[in-house]
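Each remark here refers to the structure printed beneath this line.
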Amino acid sequence: MTTPNPTTRPTPPHRPIRVLVLGAGYAGALAANRLRRDPRVEVTVVNPQPFFVQRIRLHQWVARTADPQVGFDHVLASDIRVVVDTATRIDAARRRVDMASGAALDYDHLIYAVGTGAATPMIPGAAEHGFGVADWVAAQQLRDHLETLDRHEPVTVIGGGLTGVELAAELAERGFGVRLVGGGAVAGSVGPRARRALLVQLGRLGVEVLESGRVVDVTSTTVTVADGGQRRELPSATTVLTTGFEAPPLAEDSGLTTDELGRLCADVTLTSVDDPRIVGAGDAVSIDGMTLRMSCQAAQPLGAQAADAVLAHLDGVAAAEVDQAFVAQCTSVGRRAATLQFTRRDDSPARMVVTGRLAALAKETVCRGTVWNIHRESKTPGAFRWLRGGTRPSAGRPSSASATVVR
Ligand SMILES: Cc1cc2nc3c(=O)[nH]c(=O)nc-3n(C[C@H](O)[C@H](O)[C@H](O)COP(=O)(O)OP(=O)(O)OC[C@H]3O[C@@H](n4cnc5c(N)ncnc54)[C@H](O)[C@@H]3O)c2cc1C
């Protein structure tokens with residue numbers, strides 16, 4: 001006796017195939033539009049905010065230099081149903097998703113694209129007194145809090161990754177007194193020339209960089225920084241953690257296999273290792289044997305490939321292995337400067353670096369381009385193209401959280 005393949009079981013012709021996309025960020029929005037290549041598919045998107053959030057502009061939202069909200073009518077095709085809600089549990093056996101509102105949605109196939117938020121703070125006092133910038137709610141809280149402060153009150157940014165650099169610079173340019181505590185390295189993912197440029201640019205904006213310092217305690221008005229065996233308590237009216245991203249607990253709460261960062265574990269075709277009807281995309285997926293920097297640069301091609309994987313499942317053909325490459329790491333340093341580190345396809349730094357106003361222009365073009373990509377896909381499903389030939393997954397090699405690269 002043969003067992004029917006659950007991914008190819010025929011669907012009655014009178015009923016559309018319901019694809020539910022959880023999360024309308026860079027990956028989810030792109031995937032939702034692309035799914036429309038197949039006229040049999042009916043797409044529903046679930047997202048907590050009633051608009052698309054340009055997450056790569058959240059530091060600008062906090063500093064009031066840009067608005068990251070984009071109407072869904074601009075980025076999603078008009079026949080996509082949008083449900084403003086938060087998924088709380090995926091019942092894979094029943095193909096049903098429970099929502100925070102108490103409603104439930106049934107699906108035939110599901111794309112898991114819920115992104116990430118700030119990593120759980122491990123520093124004493126940080127959970128109570130620290131702020132974040134990694135997601136819409138956290139950025140909103142930080143923005144409101146900063147509004148209650150005088151500009152001269154000190155701000156500490158913990159974490160020397162590119163997000164920390166961008167936030168520190170954006171706030172300094174707006175007149176805040178900013179200290180960036182690097183925890184060992186500032187901008188460690190770029191090459192030495194780009195790193196030097198970033199440090200010079202931060203210096204010009206007056207950011208105090210404590211590169212090797214580690215914050216070991218946070219209160220509502222201070223941070224304690226340990227450096228070379230010494231500890232100093234420093235005033236800090238606002239302390240922001242940019243120490244990495246982790247995924248929401250939805251997959252884990254739903255009994256699906258996740259990695260150490262809570263990301264849905266998927267095979268090389270982005271298909272969940274637990275259920276062929278669930279496909280992951282963007283920051284929230286951990287691909288077997290493949291390390292991709294959590295980034296909008298990776299999320300959009302992953303969204304496209306997730307949609308293609310679902311369509312392949314519908315046709316009963318093998319989904320393609322993930323194939324995408326990186327181009328650059330572009331870091332804004334306020335509105336008038338940036339550093340553009342070109343990379344090899346595996347995201348390692350190449351020789352070419354562009355700095356200053358030209359790089360700032362490039363960064364702004366990238367930010368606009370990400371929204372344009374999704375808009376275009378809403379008008380012409382399948383139009384999105386991406387660079388291929390990066391690090392290829394090698395099936396069977398376990399993905400390692402220690403190798404995870406977080407922006
Ligand atoms: C300040 C900042 C600057 C950055 N700059 C850059 C940059 O310059 N370049 C770059 O490549 N990357 C950058 N990043 C990283 C980039 O923003 C992320 O990697 C990218 O947004 C991931 O895309 P995504 O679609 O996977 O997730 P997201 O864009 O986070 O979208 C996920 C969506 O899912 C929703 N969601 C969450 N939980 C649920 C749920 N339970 N049910 C339904 N919906 C849910 C969220 O609200 C969100 O709308 C930056 C990040 C930050 C915070």
Side-chain angles (χ1 to χ4, degrees), residues 20-32 44-63 66 68-70 72 75 82-90 97-101 105 110-118 132-139 142 157 159 161-170 240 242 244-245 247-251 253-254 262-264 280-285 292-303 306 326-332 338-340 343 347 362-364 366-367 369-370 374 405-407:
L20 189 56
V21 180
L22 301 184
Y26 298 98
L30 200 111
T44 301
V45 169
V46 179
N47 199 66
Q49 299 82 30
F51 43 80
F52 174 82
V53 174
Q54 280 192 75
R55 205 172 143 200
I56 64 175
R57 289 200 194 268
L58 283 182
H59 57 300
Q60 289 188 256
W61 177 239
V62 165
Q69 303 167 79
V70 180
F72 278 139
V75 287
V82 178
V83 175
V84 179
D85 213 328
T86 302
T88 53
R89 187 167 179 275
I90 303 164
V97 177
D98 296 329
M99 305 289 156
S101 65
L105 289 170
L110 183 140
I111 293 186
Y112 188 84
V114 294
T116 46
V133 69
D135 59 50
W136 172 251
V137 174
L142 174 57
V157 176
L162 302 185
T163 305
V165 169
E166 289 195 328
L167 177 67
E170 205 75 29
V240 193
T242 61
F245 299 153
L250 176 61
D253 290 350
S254 305
R263 298 179 299 173
L264 179 82
D283 277 9
V285 68
L292 288 176
R293 175 166 48 99
M294 287 185 190
S295 59
C296 137
Q297 197 176 153
Q300 293 203 325
L302 286 172
F326 286 94
V327 179
Q329 297 182 27
C330 195
T331 313
S332 66
T339 293
L340 174 56
T343 63
D347 206 29
K363 174 76 187 203
E364 181 57 30
V366 167
C367 290
T370 56
I374 304 172
V405 185
V406 174
R407 192 173 191 276

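One-based numbering, in listed order, for ligands and for the atoms of each. In this chain, residues are counted from 1 in sequence order.
- Under the 4.0 angstrom criterion for non-hydrogen atoms, K363 is in contact with ligand 1.
- Looking at D283 next to ligand 1, an N or O pair under 3.5 Å apart turns up.
- Nearest heavy-atom pair, D85 versus A100, reported as atom, atom and distance to 0.1 Å: OD1-N, 3.4 Å.
- Counting atoms of ligand 1 from 1 in the listed order, those under 4.0 Å from a heavy atom of M294 are 19 (O).
- Residue A27 places at least one N or O, backbone or side chain, under 3.5 Å from an N or O of ligand 1.
- A donor-acceptor pair is defined here as one N or O able to donate and one able to accept, closer than 3.5 Å; no such pair exists between the side chain of R55 and the backbone of W136.
- Within the set V46, D135, V366, D253, the minimum heavy-atom distance to atom 43 (C) of ligand 1 is found for V46.
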| said: What verdict does the side chain to side chain contact (heavy atoms under 4.5 Å, CB included) test give for V53 and L58, after you've listed the backbone C-alpha separation in whole Å, the side-chain angles of each residue and the deciding distance to 0.1 Å? | reply: CA-CA 8 Å; V53 174; L58 283 182; 4.0 Å; yes
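- Near G25, with a cut-off below 4.0 Å to any heavy atom, the atoms of ligand 1 are 25 (O), 29 (O), 31 (O), 33 (C).
- Considering A338, A299, G303, C330 only, the shortest heavy-atom separation from atom 24 (P) of ligand 1 involves A299.
- Of all atoms in ligand 1, numbered sequentially from 1 with element shown, those under 4.0 Å from a heavy atom of T86 are 40 (C), 41 (N), 42 (N).
- E364 has a carboxylate O that lies under 4.0 Å from a charged side-chain N of R57, or vice versa, which qualifies the two as a salt bridge.
- Judged by distance alone, with hydrogens and angles left aside, the side-chain atoms of E166 form a donor-acceptor pair with the main-chain N or O of S332 at under 3.5 Å.
- Close contacts between ligand 1 and A134 involve ligand atoms 53 (C) [criterion: under 4.0 Å to a heavy atom].
- Under the 3.5 Å distance criterion, the side-chain polar atoms of T343 are matched with a main-chain donor or acceptor of V327.
- Counting only non-hydrogen atoms, the option in R55, M99, Q54 that gets closest to atom 30 (O) of ligand 1 is R55.
- Checking side-chain atoms of T86 against main-chain N and O of P48 turns up no donor-acceptor pair under 3.5 Å.
- Residue contact annotation: V53 has no non-hydrogen atom under 4.0 Å from ligand 1.
- Shortest non-hydrogen contact noted between F52 and A24 is CD1-O, 3.2 Å.
- Contact record, F326 with L292: CE1-CD2, 3.7 Å, taken as the closest heavy-atom pair.
- Between T163 and ligand 1, not a single N/O pair is under 3.5 Å apart.
- Contacts of S295 with ligand 1, taken as heavy-atom pairs under 4.0 Å, involve both backbone and side chain.
- With a 4.0 Å cut-off on non-hydrogen atoms, E166 touches ligand 1 through its side chain and not its backbone.
- Nearest heavy atoms, A306 versus A281: CB-CB, 3.7 Å.
- In terms of polar-atom proximity, A281 is not counted as a contact of ligand 1, lacking any N or O under 3.5 Å from an N or O of the ligand.
- Considering backbone and side-chain N/O of R293, none are found under 3.5 Å from N/O of ligand 1.
- Between V45 and A32, the shortest heavy-atom contact is CG2-CB, 3.6 Å.
- With L20 as the fixed residue, the side-chain contact (heavy atoms from CB on, under 4.5 Å) test singles out one of V83, I90, L110: L110.
- Every N/O-N/O distance between H59 and ligand 1 stays at or above 3.5 Å.
- Only the backbone of A113 comes within 4.0 Å of ligand 1, counting heavy atoms alone; no side-chain atom from C-beta on gets that close.
- Considering backbone and side-chain atoms alike, C296 places an N or O below 3.5 Å from some N or O of ligand 1.
- Of all the atoms in ligand 1, the ones that sit under 4.0 Å from a non-hydrogen atom of G282 are 26 (O).
- With T339 contributing its side chain and T331 its backbone, the two residues share no donor-acceptor pair below 3.5 Å.
- Nearest heavy atoms, Y26 versus Q300: CD2-NE2, 3.6 Å.
- Each of the following atoms of ligand 1 lies closer than 4.0 Å to a heavy atom of G115: 26 (O), 27 (O), 30 (O), 32 (C).
- Taking every heavy atom of V133 and a limit of under 4.0 angstrom, the matching atoms of ligand 1 come to 53 (C).
- Interface of Q49 with ligand 1, defined as ligand atoms under 4.0 Å from a residue heavy atom, comprises 47 (O), 49 (O).
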